[in-house]
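See below for the structure under consideration.
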Amino acid sequence: MKMPPALPRLIALLILVAVPLVEHNAYWLHVFSLALIAAILALGMQLLLGMAGLLSLGQGAFYGIGAYVAGALAANYGVPFLLTLLAGGLAAAAASLLLVPIVRLKGTSLAVATLGFSIIVHLVILNEEWLTGGSLGLMDIPKPTLFGVSVADDDVFYWVCLVILVLVFVAMDRISKSRFGRALSAICQDEEAARASGIRLAWSKSKCFLVAAFTAGVAGGLFAYHSRYLSPSDFTFNESIEIMIMAVIGGLGSLSGAVVGAFVVVLMPEVLRSSGELRMILFGLAVILLMAAGNLGIVGLASLAAAKLFGLFSSARAWVSKPREAN
Amino acid sequence: MLRINNLSVSYGPVAALRGIDLTVEAGETVALVGSNGAGKSTTLKAISGLVPPSGGTIEFLGETLNGLKPEAIVERGIVHVPEGRRIFPRLSVEQNLEVGAYSARAAMRRRRIREEVYALFPRLRERRQQMGGSLSGGEQQMLAFGRAMMAQPTLLLLDEPSLGLAPIIVEEVIRAIAHFRAEGVTILLVEQNAELALTLSARGYVLETGQVVLTDESQTLITHPKVWASYLGEKELEDT
Amino acid sequence: ALADTVKIGVFGPMTGDAAAMGQSEKEAVDLAVKEKNAAGGLLGKQIEIIYADDAGKPEEAVNSAKRLISKDEVLMMIGSISSPASLAASQVARQMEVPQIVVAGTAQKITTAGNKWVFRSPVPDTKLVADLVDFIHEKFPNYKKFAFLYVNDDFGRGGFEAFKKAGAKYGYEIVAEERYARGDLDFTAQLNRIKASGADAMIEWSRYTEGALVAKQFAQIGLTLPRFASDGVATPKFIELGGNAVDGVMFTTHFSPATVADIPAAKSFIDKYKAAYGRTPDAYAAEAYDAITIAMLGIEKAGKADRAAVRDALAKVEFGSTRGAFKFDEKGDPLLVTHVVKIDAGKETNARNIPVQN
Amino acid sequence: MAALLETRGVSRRFGGLLAVDSVDLDVTEGEVHGLIGPNGAGKTTMLNLLSGHLPVSTGTILFAGADITRLPSERRAAAGIRRTFQNLKLFREMTALENVMVGLHASTRAEIFHALLRTRFQKREEADIAEKARAALAFVGLTALADQPAGSLPYGHQRLLEIARAFVAEPRLLLLDEPAAGLNASESRHLVDFIFRIRSAGTTIILIEHHMDVVMPTCDRITVLNYGKLLARGTPKEIRADGAVIGAYLGKGAVAAAAAVRKAEAAHAAH
Amino acid sequence: MIYDQFLQTLLGGLAIGCIYSLIALGISMIVRATDILHFAQGEVMMVGAMTGFSSGVWAGNAPLLALIGGTFGGGLMAVAVELGVYRPLRARRVPLINVVIATIGVSIVLQNVARLVWGSEPLAYPALFETRGLVISGFTVSPQLATIVVLSVLIMAALAVFFRYSRAGIAMQAAAQDPDAARLMGISVERATVNTFAVSGMMAGAAGVLLGSLFFASFNMGFITGIKAFVAAVLGGLGSVPGAMVGGLLFGVIETFSAMFISTSYKDAVGMVVLILILLVAPMGLFGRAGRQV
Ligand SMILES: Nc1ncnc2c1ncn2[C@@H]1O[C@H](COP(=O)(O)OP(=O)(O)OP(=O)(O)O)[C@@H](O)[C@H]1O
Ligand SMILES: Nc1ncnc2c1ncn2[C@@H]1O[C@H](COP(=O)(O)OP(=O)(O)OP(=O)(O)O)[C@@H](O)[C@H]1O
Ligand SMILES: [Mg+2]
Ligand SMILES: [Mg+2]
């Protein structure tokens with residue numbers, strides 16, 4: 001007897017939906033919403049790194065671009081919530097076109113070039129006051145409303161994030177099982193062979209960057225409403241590195257892994273917040289230890305364990321039901 | 001000299017060798033033939049310590065090699081020329097040879113042997129300062145042999161030395177093997193070209209899916225119907 | 001909620017680049033609370049301090065504030081150090097209606113956004129700078145052309161904007177505006193341009209780490225301009241790192257052992273702090289010490305563990321702080337005089353005592 | 001018969017080395033054209049120039065009458081030039097079937113947008129290429145292994161899978177780089193059969209190989225390179241008799257050489 | 001005057017560049033030996049600066065002892081993380097990206113442990129070298145900067161000789177290029193890898209002392225410097241020894257010159273733009289060699 005593959009996902013979704021019904025604490029809801037936003041980021045990264053093998057450290061920059069565009073539109077022009085999210089995504093996607101010349105770089109070169117892009121975007125955010133408010137940050141982002149109804153309450157905003165996360169998840173799932181997804185994993189495994197099969201590398205990679213940037217931009221837009229104050233120091237290249245950790249920690253290439261990874265990376269420092277000076281040491285050690293899980297990631301380990309449990313369970317049931325058969 | 005008893009090796013869940021027995025006497029050349037994935041390379045890797053056996057023993061001159069690291073096994077005079085030449089691409093020809101004589105037992109006479117290598121392969125002397133990676137396939141094969149000479153083997157493990165080589169280069173390789181034999185080196189030879197391997201050797205083993213299915217004098221094997229059918233076949237074009 | 005302790009949340013950078021300042025904050029708070037608890041606590045209960053690390057980042061400051069308020073259910077909060085972190089957290093304080101006393105964020109914005117829940121221990125940068133400008137005008141009437149070097153973040157930027165505004169009053173001209181990024185190590189490019197600018201004096205808005213390097217490189221390229229600096233260098237570490245290169249620097253500050261000699265609260269604070277930690281307190285420690293003192297006074301005055309009552313009580317607190325008689329204005333900023341210190345042969349001295357030059 | 005592929009003065013330089021030195025090649029539609037020569041003669045380099053994996057230094061390449069010299073490799077693949085690699089290049093973590101499906105990338109159209117909405121068009125196209133891919137696997141006899149990861153297949157099967165991936169797109173020109181390397185005699189014989197079958201399907205083939213028992217029976221014509229230059233060309237029969245080719249490349253045959261060595265040793269021992 | 005300033009800027013850029021080079025060299029060597037992108041190299045440098053500080057102060061402000069203490073501190077630290085973290089991970093055959101992320105974990109841990117050990121305040125280094133300007137034929141030359149350049153060049157030259165001529169150096173390269181083949185030659189790849197980490201850590205440690213003496217030592221000095229050195233290594237061509245040297249120098253000089261002549265706000269951006277432009281022309285960096293692809 002085998003577990004239907006969609007079942008764990010469905011259970012996880014139900015649990016996520018139910019969280020605000022059980023946990024009313026504003027702090028935890030706030031942090032969980034942040035984790036949902038991070039999960040959207042991690043999904044975009046999974047497309048890049050897990051599927052296409054593109055080690056991009058530019059996702060933090062797109063996140064920042066999305067956040068600032070959405071935040072500025074909302075604060076200065078009163079553009080409605082969903083439109084600003086879309087605008088954040090589109091702006092990030094448009095900015096990703098700047099990367100087209102460097103998509104042909106590989107491995108470390110790509111990583112470092114995109115890191116450079118992150119650094120440049122951070123400097124622009126920091127220095128171009130007329131555009132971003134500069135080092136003093138962007139303040140007074142209004143509370144989000146949907147169709148005239150405020151969705152700023154911690155629980156409602158959480159659900160809004162969750163809905164968007166689910167949409168992004170389904171989209172990524174479909175992409176991964178499509179012709180485009182197959183082309184990306186072909187590129188990931190052997191570029192020359194992919195070209196020999198008629199796959200246009202620069203074109204496919206640029207599209208991949210574009211989709212990932214769009215996702216990061218949308219996540220940035222959500223973050224703008226979540227924090228309602230944007231500061232350049234939230235969008236340094238550290239952000240990009242953190243996003244990369246999320247994608248790997250849960251299980252490289254796995255979409256559920258990205259979501260779990262995001263929760264781990266966001267929640268762990270929160271859980272450790274009271275451990276004071278030891279906090280980051282414990283976090284660093286945890287990252288190292290989790291890396292020992294190999295490409296299974298947390299999700300892989302968990303499903304192995306679950307499969308074992310499930311196997312135990314079904315064999316136990318077989319054992320229990322035996323006497324009845326004998327009857 | 002070399003005695004292998006009931007040797008098994010697996011790569012994770014894949015069993016590559018399933019209990020093979022094999023012996024090689026001093027000074028002898030023994031061939032190992034078999035189809036793709038039969039476990040020929042794995043046998044050599046197990047002897048030189050690159051993969052750990054999951055069962056059985058490997059004895060060399062009365063000492064068991066199980067559990068020794070490759071670098072320790074080299075010290076005992078077992079030199080493995082692996083599949084695909086594996087020369088160091090960003091070291092010069094001379095540095096590659098230098099590395100060949102890295103083990104303590106080989107380090108002493110390395111100047112003299114290097115001259116022998118250059119005498120046997122004058123082409124390598126011409127290319128002394130060139131990076132290994134920029135050599136042509138044939139030159140790389142010569143370098144791989146030269147590197148093995150530097151290590152001064154008593155037992156030489158050769159894995160498909162003719163792979164991907166032009167026919168005329170294969171003849172060079174045969175001469176190099178003859179050179180080793182003249183020095184009294186014992187050779188265990190793996191070749192896809194079964195006819196070539198059996199012509200060069202005194203005895204042969206036929207491997208299939210990780211097991212020895214036949215062993216005999218090479219002269220006998222070469223005419224054995226089973227070997228004939230699987231590895232030799234009609235030689236419709238050999239005559240000119 | 002009926003707790004058996006009075007919970008106060010204290011947040012700030014315990015890790016990250018600004019960890020040193022967070023440490024001063026924590027030490028000062030610990031000192032005050034230990035004393036108070038030993039004396040019987042507040043409202044008949046012990047004070048419980050709950051610390052949260054925000055690593056100096058706004059995003060984490062928001063998380064910390066939310067956590068302190070809704071998970072730990074603190075009565076009020078103290079923090080953070082940097083302006084962006086304090087500002088970000090103050091949005092939470094306002095939304096969830098919890099009193100907050102900012103320890104060291106000097107950006108004017110923090111208290112001018114109409115947020116009645118936020119107070120701060122230091123004076124805002126605008127006041128600090130205006131006082132410094134008055135000081136320069138009074139003591140060095142000949143200086144008219146200034147070079148301004150600042151760290152490109154909220155702190156340096158705030159100082160620069162304030163100087164532009166305050167200097168206009170005396171017709172000051174800025175002949176060089178130079179900035180650098182947090183964490184930069186090499187300032188020779190900026191200093192060389194300042195050297196060439198023909199300024200009468202240099203104003204520098206740095207924190208002490210960069211400030212010490214600026215001072216050294218200032219000496220190395222042979223600059224001799226008079227130098228005025230921000231409260232960011234108001235710590236003994238500045239002199240330790242800068243060595244004799246910082247001699248002659250005049251800086252504005254909220255607190256300096258050299259200028260508070262006649263304030264009794266300051267004397268006892270310095271002694272106690274030295275006894276407890278073996279070092280002289282810096283301005284951050286003094287600001288944090290005052291903040292926690294205000295908090296305790298406010299809570300006592302409110303007489304009950306009620307956030308709204310505490311807020312109203314805080315607004316009316318008056319006491320003798322380590323920096324003199326303390327009282328909030330209507331925005332929540334303290335009405336304090338600022339200090340100017342001159343470093344003389346590795347020692348802090350009160351610059352207001354130096355004679356007028358002309 | 002018309003020339004499907006022509007090169008004119010094609011050269012390729014690596015630093016100081018002229019790996020391919022103004023080679024003219026004419027490949028007729030429908031033939032199997034052998035490309036042989038000593039190691040380092042420039043065969044693989046020539047193949048890379050033809051498939052577009054390397055740009056030429058000078059010269060022009062014409063395919064079906066059109067100048068493709070500047071066309072990138074993926075466009076050449078789409079135009080009907082497919083290849084295999086001397087060192088196998090499979091998508092090792094994909095199944096055999098998926099590998100072959102990737103081979104059909106250039107002839108399919110579904111975009112991200114179709115995938116996101118799961119349009120009818122997308123579903124039909126996916127079903128379509130899966131079917132074609134299965135047919136190609138059946139053609140090379142790998143049906144049973146369709147759902148195995150490519151990396152786990154035995155070496156000989158991997159070679160066949162690579163050929164299936166190239167062949168599934170029904171190319172006009174198929175470039176094979178040492179397909180028999182690492183195969184034993186009986187496997188080589190299967191390969192020979194297979195080349196005949198591809199050819200009878202109407203595909204033109206350029207075959208690089210060091211195994212004369214594969215080259216000689218399958219090739220219609222052979223071009224011999226040496227030091228990047230053309231050394232000889234002709235029918236297998238002519239090539240085998242060509243003194244220059246024997247001297248530079250063929251030699252007297254490995255087995256004969258080995259037998260000679262044995263004989264000399266025996267004589268030495270008798271002394 | 002302008003000329004003098006130009007020379008001073010150049011010398012300053014070269015000195016910083018030398019420090020980047022020393023760190024970049026270590027990064028490059030580690031990539032070559034293990035394929036690991038060692039994000040913690042900056043922290044190894046920081047540990048070197050700290051141990052250098054401690055041993056220098058312990059010995060009563062002895063510059064030479066500080067240099068030795070820092071060099072060995074860095075070397076030991078690098079060996080410790082290789083033996084304690086990376087080797088066990090590699091032994092579990094986790095994907096490379098996991099090891100790379102573990103290096104980020106290591107950098108987080110080292111930084112925070114150093115904060116506990118040496119405190120969060122920066123440490124003022126004892127003056128290792130003469131700091132007063134020296135006037136040579138009309139130009140002011142900083143002996144401190146000059147010493148750093150000379151010292152770094154000496155270290156790098158020693159490394160080049162070691163790699164080219166010594167048996168241990170050649171063995172380290174062989175082990176990096178093809179571990180299995182190296183084992184078959186009798187080389188202990190484990191030992192060669194540890195040696196690689198030791199040498200790279202020692203260079204980073206020395207760099208830490210030089211950097212500390214130029215500015216100061218603090219627990220967070222490693223991260224940004226490490227990232228810059230990383231960029232320098234890629235600029236020169238990851239895995240190439242001359243590449244790391246030239247990349248570091250180039251990056252240092254670009255940084256100081258763009259601060260001087262372009263914009264202090266965007267000086268880091270200038271370096272990145274140059275990097276991206278160079279990678280567009282030479283995707284493997286200035287001295288990087290692409291392996292044969294097909
Ligand atoms: N590193 C490895 N991981 C997993 N399986 C392996 C590995 N190396 C070899 N195998 C498997 O072990 C078996 C024996 O392989 P081996 O390389 O010894 O065969 P061989 O006889 O040398 O074949 P060939 O003629 O292809 O060189 C094969 O089934 C092969 O797929
Ligand atoms: N990327 C490269 N950089 C430098 N030299 C190269 C490169 N690629 C090939 N060469 C050189 O070009 C020459 C031709 O190589 P090529 O691979 O075409 O030979 P080949 O005829 O296919 O040989 P083989 O039969 O051994 O496969 C060789 O000397 C090789 O070293
Ligand atoms: Mg083999
Ligand atoms: Mg070739």
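Because the structure is a prediction, the values reported are computed rather than measured.
Heavy atoms of D/K252 lying under 4.5 Å from chain B belong to its backbone as well as its side chain. For B/T29, no part sits under 4.5 Å from any heavy atom of chain D, backbone or side chain. The part of B/I169 that comes within reach of chain D is its side chain, from C-beta onward, which places non-hydrogen atoms under 4.5 angstrom from that chain. Proximity to chain B is absent for every atom of D/I36, based on heavy atoms less than 4.5 angstrom apart. At a 4.5 Å heavy-atom cutoff, the contact between B/L163 and chain D is made by side-chain atoms alone. Contact of D/E209 with chain B is not made at all, since no heavy-atom distance falls under 4.5 Å. Only the backbone of D/A248 comes within less than 4.5 Å of a heavy atom in chain B; its side chain stays farther off.
Chain B forms the most heavy-atom pairs under 4.5 Å with one residue out of D/A258, D/G40, D/A264, and that residue is D/A258. Top candidate by heavy-atom pairs under 4.5 Å with chain D, chosen from B/A182, B/G164, B/G37, is B/G164. Heavy-atom pairs under 4.5 Å with chain B peak, among D/H210, D/K237, D/H211, D/E178, at D/H210. When each of D/N39, D/V261, D/L183 is scored by its heavy-atom pairs under 4.5 Å with chain B, the top score falls to D/N39.
Residue-environment remark: OH (D/Y227) stays at or below the threshold of 12 foreign heavy atoms within 6.0 Å. The neighbour count for B/Q219 CD, taken as heavy atoms of other residues, nucleotides or ligands under 6.0 Å away, does not exceed 12.
Of all the heavy atoms in D/P38 and B/A166, the pair that sits closest is CA-CB, 3.8 Å. The heavy-atom pair separating B/L196 from D/A254 by the smallest distance is CD1-O, 3.8 Å. Closest approach of B/I168 and D/I246 over heavy atoms only: CD1-O, 3.9 Å. Here the closest non-hydrogen pair linking B/S35 and D/E187 is CB-OE2, 4.5 Å.
The distance from atom CZ of B/R181 to atom NE2 of D/H268, rounded to the nearest 0.5 Å, is 12.5 Å. Separating the CG atom in B/L200 from the CD atom in D/E265 is a distance of 8.0 Å, to the nearest 0.5 Å.
Sorted by first and then second residue, the salt bridge (Lys or Arg N to Asp or Glu O under 4.0 Å) pairs with a member in residues 134-148 of chain B read B/R123-B/E139, B/R127-B/E139; sequence neighbours excluded.
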